[in-house]
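Fair warning: this is a prediction, and the values are worked out from it, not measured in the lab.
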Amino acid sequence: MTMDIVLVIAGLLASPLLFSRFPVLPGSHTDDKSLKVSVIIPARNEEHSLPLLLDDLSRQTYPVHEI
């Protein structure tokens, strides 16, 4: 039981060090039309949900380059 508590505390103390390595994305440029977004949809036996997904993708505010 005490070993579990020690591991949890060690994990909490180590998390800032581990998560500080994530890259930071540049600020968003909503008016920049040179940026392109491609959407890849891995699907198998999804004939019922694909029309809903494609409809949602067509309603996005940022134009999708390709699906």
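Proximity of D55 to L52: side-chain heavy atoms (C-beta onward) are nowhere separated by under 4.5 Å.
For the pair S49 and E46, the tightest heavy-atom approach, listed with the atom from each and the gap, is OG-OE1, 2.7 Å.
Here the rule is side chain to side chain contact (heavy atoms under 4.5 Å, CB included) with I5, and of V8, I9, L7 only I9 fits it.
To the nearest 0.5 Å, atom CG of residue L50 and atom CD1 of residue I41 are 6.5 Å apart. Rounding to the nearest 0.5 Å gives a distance of 8.0 Å between CD of E66 and CD1 of I40.
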